[in-house]
There are 2 protein chains.
Amino acid sequence: MKVTRKSDYGLRALCTLAQRYNQEPVSIGQLSAEHKIPEPFLEKIMQELREHGLVEATHGRGGGYLLKKRPSAISLREIVHALDGPIALVTCLDPSLKCAIEDGCPTSPVWEIVNQKLEEYLGSLTLSDVMDLTHRPLSGEGDRVSGKVKVS
Amino acid sequence: MKVTRKSDYGLRALCTLAQRYNQEPVSIGQLSAEHKIPEPFLEKIMQELREHGLVEATHGRGGGYLLKKRPSAISLREIVHALDGPIALVTCLDPSLKCAIEDGCPTSPVWEIVNQKLEEYLGSLTLSDVMDLTHRPLSGEGDRVSGKVKVS
DNA sequence: CCAAAATCCGAGTGAAATACTCTGATTTCA
DNA sequence: TGAAATCAGAGTATTTCACTCGGATTTTGG
Ligand code: FES
Ligand code: FES
């Protein structure tokens, strides 16, 4: 039950792009330095984000990446989908590998529900939310879940 | 973002134990046959479930496994914890590997929240819920999420 | 126009996690 | 006493992950 490093790295990079929204493009060099991410790895990640339309790139001198939508219009769900693919908590839920059993399978209905819930929740969190949380270091140690960010 | 096969298999096995709650113990042979799970693998899984107190075993002839609590008192969370360990969506959240950065890390607050949400939700689903869902094959195709099972 | 700065692209590699096996010991009961 | 079951721990195979490499392409500054 883990999100891959690709998604974590990708999210971090997108955070700095969000800060610099509407400014100059940011290069892989800068991004990887800021977040201590191996350059060639981040390069791949940014490519995938571009292919999925979350980000756009400009070549050559002074080039780099820019967000393609406003931070509040990019959800964690999109990011994770772009980098890890759609969430399939168990292999049977993978749309490309339709399972044979299916009927009467005791577990698939639950996993499907949890899966759905997770996607919903990730869909409700945007890059703006992430930025808000970063600079508001969990005040008071109460349950952060019902803190600042909207909760189902 | 996957649950391991161990957890999926374990859940299936626990389902049949739930059906036979308060009856004769069920052997690995029976369980693995019913769910098409490789016997020696399931053996390991049942051992772990016993070590975590979800199940108890009786040796020798006619032996096998029994639930140690009523089905409505066993949550998905417990099961997943027993077999996959506590949920740590990103490595930084793993309590055994406390991260150095932490302060000002842009992503960890969000992942922590999602992590918490997930645990909460899995904690709210019990073996009874799973059984109910199994024999009620998603009537009407509506959003199953707010169907029969309690939702946050 | 050219060289430097950047992204693009596809293939390839090493390590780690996962999924599962094997062997033998131990307990129980007919 | 021996068959049926779990127990225990080490071992192996496969897949996924995390990351690299080499070279092509695009853009811009000088
Ligand atoms: S085994 Fe595939 S749906 Fe359950
Ligand atoms: S890198 Fe460890 S908390 Fe963010």
Side-chain angles (χ1 to χ4, degrees), chain A residues 1-13 17 24-33 35-66 68 80 83-85 87-92 94 96-97, chain B residues 1-13 17 24-33 35-66 68 80 83-85 87-92 94 96-97:
Chain A
M1 201 81 101
K2 273 192 174 13
V3 106
T4 62
R5 244 167 242 256
K6 258 163 70 177
S7 284
D8 189 21
Y9 287 165
L11 178 56
R12 289 190 214 179
L17 292 196
E24 297 298 292
V26 188
S27 74
I28 300 237
Q30 295 174 265
L31 290 171
S32 74
H35 297 293
K36 309 262 174 52
I37 304 171
E39 254 190 69
F41 193 26
L42 183 58
E43 194 181 327
K44 280 299 177 207
I45 293 171
M46 297 312 290
Q47 273 177 37
E48 288 189 63
L49 289 175
R50 180 184 48 84
E51 283 159 10
H52 285 84
L54 296 183
V55 112
E56 68 188 341
T58 57
H59 284 224
R61 250 206 166 77
Y65 294 91
L66 283 174
K68 217 170 169 183
V80 171
L83 297 173
D84 288 0
I87 295 175
L89 278 184
V90 292
T91 41
C92 286
D94 191 325
S96 59
L97 282 68
Chain B
M1 202 82 102
K2 272 191 176 12
V3 105
T4 63
R5 244 167 240 261
K6 259 164 67 178
S7 284
D8 189 20
Y9 287 165
L11 178 56
R12 290 189 212 179
L17 292 194
E24 297 297 294
V26 189
S27 74
I28 301 238
Q30 294 174 266
L31 290 171
S32 75
H35 297 292
K36 309 261 173 55
I37 303 171
E39 253 190 70
F41 193 26
L42 183 57
E43 195 182 325
K44 279 300 176 209
I45 294 171
M46 298 311 290
Q47 274 177 34
E48 287 189 63
L49 289 175
R50 179 183 48 85
E51 284 158 9
H52 284 82
L54 296 182
V55 112
E56 69 188 340
T58 57
H59 284 226
R61 249 208 167 75
Y65 293 91
L66 283 173
K68 218 171 170 181
V80 171
L83 297 173
D84 287 0
I87 294 175
L89 278 185
V90 292
T91 41
C92 286
D94 190 326
S96 60
L97 282 67

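Throughout, protein chains are lettered first and strands after them, A, B, ... in sequence-line order, and every chain is numbered starting at 1. None of these values were measured; they are calculated from a predicted model.
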- Query: Counting any heavy atom closer than 4.0 Å, what does A:Pro38 reach on the DNA or RNA strands: base, sugar-phosphate only, or nothing?
  - Reply: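 Contact class for A:Pro38: sugar-phosphate only.
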Pair A:Met1, A:Leu89 - check side-chain contact (heavy atoms from CB on, under 4.5 Å), show working. CA-CA 8 Å; A:Met1 201 81 101; A:Leu89 278 184; 3.7 Å; yes
query = Counting N and O atoms only, with roles assigned by atom type, does the side chain of B:Ser32 sit under 3.5 Å from a partner on the main chain of B:Gly29, one being a donor and the other an acceptor?
reply =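 Judged by distance alone, yes, a pair lies under 3.5 Å.
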Donor-acceptor contact present, side-chain B:Asp8 to main-chain A:Val90, <3.5 Å: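 No, because the side chain of B:Asp8 does not come within donor-acceptor range (under 3.5 Å) of the backbone of A:Val90.
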Requested in this report: Could you give me the CA-CA distance, side-chain angles and deciding distance for A:Leu31 and A:Leu42, then say whether side-chain contact (heavy atoms from CB on, under 4.5 Å) is met?
Outcome: CA-CA 8 Å; A:Leu31 290 171; A:Leu42 183 58; 3.6 Å; yes
Rounded at 0.5 Å granularity, tell me how far CZ in A:Arg5 sits from CZ in A:Phe41.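 If I round to the nearest 0.5 Å, the distance is 8.5 Å.
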Extract, from 5' to 3' on DNA chain D, the first and final nucleotides lying under 4.0 angstrom from some heavy atom of chain B.
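Contact boundaries, 5' end first: D:dG2 to D:dA10.
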| task | Please identify each residue that fulfils side-chain contact (heavy atoms from CB on, under 4.5 Å) with A:Ser27, with sequence neighbours left out. | result |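 A:Ser27: side-chain contact (heavy atoms from CB on, under 4.5 Å) contacts with A:Gln30.
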- For A:Glu24, which residues count as a side-chain contact (heavy atoms from CB on, under 4.5 Å) partner, sequence neighbours excluded?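 A:Glu24 satisfies side-chain contact (heavy atoms from CB on, under 4.5 Å) with no other residue.
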(Q) Please enumerate all residues that pass ring-ring contact (aromatic ring centres under 6.0 Å, His included) together with A:Tyr65, with sequence neighbours excluded. (A)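 A:Tyr65 satisfies ring-ring contact (aromatic ring centres under 6.0 Å, His included) with no other residue.
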Readout for nucleotides 3-9 of chain C: B = base within 4.0 Å of protein heavy atom, S = sugar-phosphate only, - = neither; 5' to 3' it is -BBSBBB
Could you give the side-chain donor-acceptor pairs of residues 50-58 of chain B under 3.5 Å, partners two or more places apart or in another chain?
| unit_1 | atom_1 | unit_2 | atom_2 | d |
| --- | --- | --- | --- | --- |
| B:His52 | ND1 | B:Glu48 | O | 3.0 |
| B:Thr58 | OG1 | B:Gly64 | N | 3.3 |

- request: Rounded to the nearest angstrom, tell me the gap between atom NZ in B:Lys6 and atom P in C:dA17.
  value: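 Interatomic distance, NZ of B:Lys6 to P of C:dA17: 13 Å.
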- Item | Nearest-Å distance for atom pair CZ/P, residues B:Phe41 and C:dT18 |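 One finds 10 Å between P of C:dT18 and CZ of B:Phe41, rounded.
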Sort me out a list of protein N/O and nucleotides 13-16 of chain C N/O pairs below 3.5 Å, or just none if empty.
none

- Taking all heavy atoms of B:Val80 and all of B:Ile87, pick out the closest pair and write down the distance.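 Minimum heavy-atom contact is CG1-CG1, 4.5 Å.
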